[in-house]
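Below is one structure, written out as structure tokens, with a few remarks after it.
Just so we're clear, the structure is a prediction, and the values are computed from it rather than from any experiment. Sequence positions, counted from 1, serve as the residue numbers for this chain.
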Amino acid sequence: MASSLSVAAILAMMAGSAALPVTTPTLVARAKSDCSDAAAQVVEKTGGQLLSVQPSGDACVITVLVQGNGERPRKVTVKVPM
């Protein structure tokens, strides 16, 4: 009887430990901070409105919306090395 309780306890602990999420917030924060400077430079250079920033390998893919003279705004995507 004691061995069946031990097995049940072990299974319960294993099931509980499998449900724990694994996160890496440091890596996500680092990538965002690396791309934020590049995004600010692209927005300043184009005079556009920032739509998205995505790290891609060793570069940042930055998309801005640039207003034309009375025209429909155009979407500009720039890839900036990190």
Handout entry: Cluster check V61, V66: I/L/V/M/F/W/Y, side chain < 4.5 angstrom
Key = no

Problem - L51 side chain reached by K75 side chain, heavy atoms, under 4.5 Å - result: yes

Problem - Atom pair CD1 (I62) and SG (C35), whose distance is rounded to the nearest 0.5 Å - result: 6.5 Å

Problem - Minimum heavy-atom distance M82-G57, with the two atoms named - result: CE-O, 3.7 Å

Problem - Donor-acceptor contact below 3.5 Å, side chain E44 vs main chain G48 - result: no

Handout entry: Spacing of Q54 atom CD and T77 atom OG1 [to the nearest 0.5 Å]
Key = 9.5 Å

Problem - Same apolar cluster: V42 and V76, side chain cutoff 4.5 Å - result: yes

Exercise for the section: To the nearest 0.5 angstrom, please state how far the OG1 atom of T46 sits from the CD atom of Q67. Expected result: 12.0 Å

Fill in the blank from the handout: Nearest heavy-atom approach of A39 to L50 is CB-CD1, 4.3 Å

